[in-house]
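Counting starts at 1 for both ligands and their atoms, following the listed order. Below, all heavy atoms of this structure are taken into account, side chains as well, without hydrogens, waters or symmetry copies.
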Amino acid sequence: MKVLVINAGSSSLKYQLIETDTEEVLAKGLCERIGIDGSKLTHTPEGKDKYVEEKPMPTHKTAVQMVLDALIDRDHGVISDINDIAAVGHRVLHAGQYYSDSVIVTDDVKKVVKDCFPLGPLHNPANLIGIEACEDAMPGTPQVAVFDTAFGQSMTSKAYMYAIPYEYYEKYSIRKYGFHGTSHKFVSGRTIQFADLDKDNCKVIVCHLGNGASVSASIGGKCVDTSMGLTPLEGLIMGTRSGDLDPAVVQFIANNENMTVDEVLDVLNKKSGVLGISGVSSDFRDLSAAASDGNERAKIALDAFIYRVAKYIGSYTAAMNGVDAISFTGGIGENDCDTRKKICEYLGFLGITIDDEKNGVRGTETYISTSDSKVKVMVIPTNEELAIARETLALVK
Ligand code: ADP
């Protein structure tokens with residue numbers, strides 16, 4: 001069965017067409033600058049040349065139509081008919097407390113996506129536009145919503161409740177939700193299979209370390225805690241996001257820099273993290289190069305990032321009263337051996353030892369701990385598009 005996976009942003013739309021029988025990617029691509037001058041489609045079909053089309057895309061509907069045209073094109077297409085697409089899986093950011101699993105899109109589901117606009121103001125509106133554009137272009141084809149917040153819904157109140165007046169939880173649903181849920185579910189599930197863990201009781205920590213970064217703790221594949229919060233700003237130090245800090249910092253910066261709260265939040269989201277500390281870059285390859293050249297702030301940024309990840313692993317080990325396996329994923333988690341090793345150096349108290357040779361790998365599924373390590377540590381590459389295709393298949397087949 002062929003599933004089209006869509007990740008719609010406010011001015012972009014990423015897609016992959018996946019053959020679920022073989023889990024092969026038939027084509028993938030990106031529409032950029034939707035609704036802005038200079039719109040462009042980049043379409044990469046498997047086994048054929050990349051195709052780029054620069055043509056105005058005033059709306060997401062036009063973008064979806066261009067994607068479908070590219071998929072059935074005689075030269076660079078990969079299917080002969082749009083009806084070959086059995087279902088569409090959409091990445092949707094926020095479902096609030098409404099859904100703890102993926103769902104087939106109905107009017108009620110679209111209402112939930114809309115009701116959650118205040119919780120995901122940058123993503124949910126674009127996600128809904130993407131769903132509606134596909135409904136228009138492919139009437140009758142089932143659409144599935146796969147929510148980034150779904151995995152975090154199994155957290156209990158002691159993990160998700162903020163210690164603020166309860167009325168704000170009741171009135172505005174202010175609580176921890178967690179994000180990257182599709183990745184955490186995929187990687188924790190794969191960790192259980194790979195390490196042959198007891199699927200009902202195993203305690204797993206997943207470190208998704210990319211430009212956005214988060215840690216999750218799960219027992220028997222169910223999330224018990226995760227580091228991102230009401231928004232993706234909480235938790236780890238990230239590429240440009242601050243992660244955890246004293247909320248009074250917001251007031252202090254606002255007063256002293258004459259900024260509004262929205263402006264300070266913009267700084268905390270876009271100009272902070274390892275970029276903010278180092279002043280060099282949000283990209284770990286640039287930071288490592290700068291640190292090797294003796295840049296002190298780049299070193300502090302890397303050390304602070306590593307320290308924060310290690311602290312989360314420690315606290316989640318306490319929260320679960322143990323840990324059986326720790327997996328690294330995301331661009332940094334899959335590729336940056338040095339960062340992985342330094343994080344694990346904090347974890348000797350858990351009886352963790354890392355095999356330097358095995359840890360030399362990049363982007364492959366493997367153990368990086370020694371065979372006598374008390375906790376299994378591994379690299380498990382994430383694949384959010386495949387996870388969305390699997391969730392979609394499970395609902396429509
Ligand atoms: P996003 O959150 O945007 O999906 P990614 O998961 O792609 O982010 O991760 C991007 C991060 O991964 C960047 O900081 C980048 O430097 C880092 N990264 C990618 N490849 C490597 C590598 N070979 N070595 C070190 N870091 C890497």
Side-chain angles (χ1 to χ4, degrees), residues 5-16 28 30 32 91 93 120 122-123 126 146 148-149 151 178-187 190 206-216 226-228 231-243 269-293 295 297-306 308-309 327-344 356 358-366 368 379-388:
V5 175
I6 296 281
N7 183 356
S10 56
S11 66
S12 70
L13 185 142
K14 288 191 213 139
Y15 64 94
Q16 281 194 9
K28 59 181 165 185
L30 168 68
E32 294 168 273
R91 182 178 190 174
L93 182 80
L122 298 179
H123 296 86
V146 180
D148 237 27
T149 50
F151 187 60
F179 298 86
H180 288 147
T182 310
S183 174
H184 283 290
K185 184 177 175 186
F186 178 86
V187 175
R190 187 60 204 139
V206 171
C207 305
H208 178 117
L209 310 179
N211 202 19
S214 60
V215 185
S216 68
T226 188
S227 60
M228 284 176 167
T231 76
L233 186 54
E234 189 180 342
L236 299 180
I237 295 175
M238 308 182 210
T240 63
R241 296 190 195 119
S242 63
N269 270 303
K270 297 186 185 148
K271 297 182 183 154
S272 300
V274 288
L275 168 69
I277 298 178
S278 68
V280 173
S281 173
S282 61
D283 191 298
F284 266 57
R285 285 163 291 199
D286 301 340
L287 282 175
S288 304
S292 303
D293 287 348
N295 184 309
R297 279 171 53 187
K299 279 190 209 164
I300 297 171
L302 289 171
D303 286 349
F305 175 90
I306 288 162
R308 180 84 53 96
V309 177
S327 286
F328 288 98
T329 197
I332 300 160
E334 291 169 30
N335 296 298
D336 190 337
C337 329
D338 200 38
T339 297
R340 285 196 301 250
K341 183 174 161 70
K342 286 182 175 153
I343 291 168
C344 292
D356 285 337
K358 289 185 191 158
N359 186 41
V361 299
R362 290 181 198 280
T364 341
E365 209 169 60
T366 181
I368 58 168
V379 172
I380 302 283
T382 193
N383 189 336
E384 287 169 284
E385 290 77 14
L386 177 58
I388 292 171

Judged by heavy atoms only, the candidate from Val274, Thr382, Asn335 nearest atom 21 (C) of ligand 1 is Asn335
Among Asp286, Thr329, Leu287, Ile332, the residue with a heavy atom nearest to atom 17 (C) of ligand 1 is Ile332
Does any non-hydrogen side-chain atom of [Y] lie less than 4.5 Å from one of [X]?
{"X": "Val309", "Y": "Leu236", "result": "yes"}
{"X": "Leu122", "Y": "Ser10", "result": "no"}
{"X": "Val280", "Y": "Arg297", "result": "no"}
{"X": "Phe328", "Y": "Ile380", "result": "no"}

Given the options Arg190, Glu334, His184, His180, Thr329 meets side chain to side chain donor-acceptor pair (under 3.5 Å) only with Glu334
What protein heavy atom sits nearest [atom], and how far away is it?
{"atom": "atom 10 (C) of ligand 1", "answer": "Asn211 N, 3.8 Å"}
{"atom": "atom 26 (N) of ligand 1", "answer": "Arg285 CG, 3.9 Å"}
{"atom": "atom 14 (O) of ligand 1", "answer": "Phe284 N, 3.0 Å"}
{"atom": "atom 16 (O) of ligand 1", "answer": "Asp283 OD1, 2.5 Å"}
{"atom": "atom 27 (C) of ligand 1", "answer": "Gly331 O, 3.8 Å"}

Checklist entry - Between the side chains of Thr226 and Ser216, is a donor N or O closer than 3.5 angstrom to an acceptor N or O? => result no
Modelled atom types, side-chain donor and acceptor of His208 and Ser214, under 3.5 Å: no
Contact (N/O only, under 3.5 Å) between [X] and ligand 1:
{"X": "Leu209", "value": "no"}
{"X": "Asp336", "value": "no"}
{"X": "Gly330", "value": "no"}

Practice prompt. Evaluate the 4.0 Å heavy atom contact test for atom 8 (O) of ligand 1: does a protein atom fall under the cut-off?
Written response: yes
Does Arg340 pair with Asp336 as a salt bridge, N-O distance under 4.0 Å? no
Note: ligand 1 atoms sitting under 4.0 Å from heavy atoms of Gly212 are 2 (O)
Going by the 4.0 angstrom heavy-atom rule, the piece of Arg362 near ligand 1 is side chain
Check this for me: Lys14, atom NZ, are more than 12 non-hydrogen atoms of other residues, nucleotides or ligands nearer than 6.0 Å? no
